[in-house]
Amino acid sequence: MRNLITISKRLRSQQGQALVIALIFLAIGALTLPPLMMLMGSALVQGTTFENRTASLYAADAGVEQAIWYLDPANSPLIPGGLPMNTEESRTLPEITIDGRTVNVKLYYLAEDIYQIMSTSVSSTETISITAVVSDTYNNYTDIMNHVITSQGDYIIQGGQASVTPDTGDNAPKAFYDGPWPGANELSAFYYVNTTPYASATLNVANYPTGVPEILRLGTLDIVATANAVYTLEGDIYITGDTLIGMTGSNFTLDLNGHSIYVKSNTAGNQYALRIGGKCTLIGSGSIIAEGNIEFKPNLATSLSDYVFVLSVNGKTYMQPNGNFYGTLAGSTEVYLQNGSVTYSSPFDEYGNYKIDFPGSGLSHFWGIITWSIS
């Protein structure tokens, strides 16, 4: 009985201790919760600010990309007033809206093929500007096209069987040319076609009666036809292996249509990276380029209004065409003309634009960023 009384007293003496502990924790919570809530709120604000700034930065960057798109000669006529042509001029590009942000872009001329782009993204919360200076990343090699024959080595014209016009003057054949000459890596990057690789080693152009699309072939390629018709290039053709055109199959006509055939193969010696045979008749303006040797024996139905540019980057160009050639023959080690007539024609159209795509021609530009800043 005495023990029960003692326990009862002890229990009564501990009454209220739980309340005291609860009050202590409540006080601690009261002290720590407001700063914690403030910290959480600050983090949310900072997160939102960072998200908005990132979105504004992306929008301003899109303005820079838009300006580079306008620098392409195909798109520059869309600029109000056209491209700026001197340091006193600038152009305001059409306004764009991205994710609720208005993007204003100005384009400034600094020097030939060098422009400054100022892209400003404006939202209800902030304004961010990107200033970029861009330059054409490829050198200008168009002087090669100023001669009817251009060779870093010598050229040979078979006596009595071939003729070259003009044989004197500014556009006459040029041996031991020491001007700028493109490297294979630079040209390969320039003409590379970014598309799904063509799987077959044979390209039958008869399968493309409405136009041959751009082709990327990783390997050798034999271009033939199973029907005699005119087939038009609607894009460039890029091949990494030895290439045959019109060596077998039916006769056909290939309209270059201002496009390019680029063969990355560097086959040299007594072999050829590119061979064009008599089953193929060429018409129109265009570029035919191989890194190695070229054997050029097609039929030709071009005219003085066309410009065909044939170039062996590292090898020789052997010419035995059937018909009149108008344009420029170029080869690194040698240009050999066995028969036919070769006449220089202007690479410019009536508007002063180049008829073919070649580094420096202005038809294609690849813009590299020199400086980039954010404000």
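The basis for the numbers below is simple: all heavy atoms, side chains too, and nothing from hydrogens, waters or symmetry mates.
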Asker: Evaluate side chain to side chain donor-acceptor pair (under 3.5 Å) for S200 paired with T202, printing each intermediate quantity in order.
Answerer: CA-CA 5 Å; S200 175; T202 300; 4.6 Å; no
Asker: Mind checking side-chain hydrogen bond (donor to acceptor under 3.5 Å, both in side chains) for E214 and listing every partner two or more places apart, or none if nothing turns up?
Answerer: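 For E214, no residue satisfies side-chain hydrogen bond (donor to acceptor under 3.5 Å, both in side chains) once neighbours in sequence are set aside.
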Asker: Taking only residues two or more places apart in sequence or in another chain, which ones pass ring-ring contact (aromatic ring centres under 6.0 Å, His included) with Y58?
Answerer: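 If we apply the ring-ring contact (aromatic ring centres under 6.0 Å, His included) test to Y58, skipping adjacent residues, there are no hits.
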Asker: Is the distance between the ring centroids of F296 and Y318 under 6.0 Å?
Answerer: no
Asker: Which other residues belong to the hydrophobic cluster containing Y326, where Ile, Leu, Val, Met, Phe, Trp and Tyr are joined when side-chain heavy atoms lie under 4.5 Å apart, directly or via other members?
Answerer: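 Hydrophobic cluster check, Y326: joined to L304.
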Asker: Donor-acceptor pairs under 3.5 Å, side chain of residues 77-88 to any protein atom, not counting sequence neighbours: which ones?
Answerer:
from	atom 1	to	atom 2	distance (Å)
N86	OD1	E88	N	2.9
N86	OD1	E89	N	3.4

Asker: Under 4.5 Å side-chain heavy-atom separation, chaining through any Ile, Leu, Val, Met, Phe, Trp or Tyr, what else clusters with I283? Say none if it is isolated.
Answerer: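 Result for I283 is V230.
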Asker: How about L57 and D61: do any of their side-chain heavy atoms sit closer than 4.5 Å?
Answerer: no
Asker: Just so I know, are the side chains of N266 and N314 near enough to count as touching, which here means a heavy-atom distance under 4.5 Å?
Answerer: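 Touching, per the 4.5 Å side-chain cut-off.
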Asker: Could you go step by step and tell me if I261 and I289 meet the side chain to side chain contact (heavy atoms under 4.5 Å, CB included) rule?
Answerer: CA-CA 6 Å; I261 299 174; I289 301 173; over 6 Å; no
Asker: In chain order, what residues pass the side-chain hydrogen bond (donor to acceptor under 3.5 Å, both in side chains) check against Y344, with sequence neighbours excluded?
Answerer: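 Partners of Y344 under the side-chain hydrogen bond (donor to acceptor under 3.5 Å, both in side chains) test: none.
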Asker: Which residue pairs pass the ring pair (Phe, Tyr, Trp, His ring centres under 6.0 Å) test when at least one of the two sits in residues 62-112, sequence neighbours left out?
Answerer: Y109-Y115
Asker: Tell me every residue that passes side-chain hydrogen bond (donor to acceptor under 3.5 Å, both in side chains) with N204, counting only those two or more places apart in sequence or in another chain.
Answerer: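 side-chain hydrogen bond (donor to acceptor under 3.5 Å, both in side chains) check on N204 returns T226.
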Asker: Can you run down the side chain to side chain donor-acceptor pair (under 3.5 Å) pairs that involve residues 250-261, sequence neighbours left out, and say none if there aren't any?
Answerer: D236-H259
Asker: Could you label the plane-to-plane angle of the Y238 and Y192 rings as parallel, tilted or perpendicular, counting under 30° as parallel and over 60° as perpendicular?
Answerer: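 Correct class here is perpendicular.
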Asker: Quick one: list whatever passes side-chain hydrogen bond (donor to acceptor under 3.5 Å, both in side chains) with T240, sequence neighbours left out.
Answerer: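 With neighbours one apart ignored, the set is empty.
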Asker: Should side-chain heavy atoms under 4.5 Å link Ile, Leu, Val, Met, Phe, Trp and Tyr, which residues sit in the same cluster as I114?
Answerer: L110, V133, I370
Asker: Applying ring-ring contact (aromatic ring centres under 6.0 Å, His included), can you list everything that pairs with F309, at least two apart in sequence or on another chain?
Answerer: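 Testing F309 for ring-ring contact (aromatic ring centres under 6.0 Å, His included), a comparison that skips the adjacent residues, returns F358.
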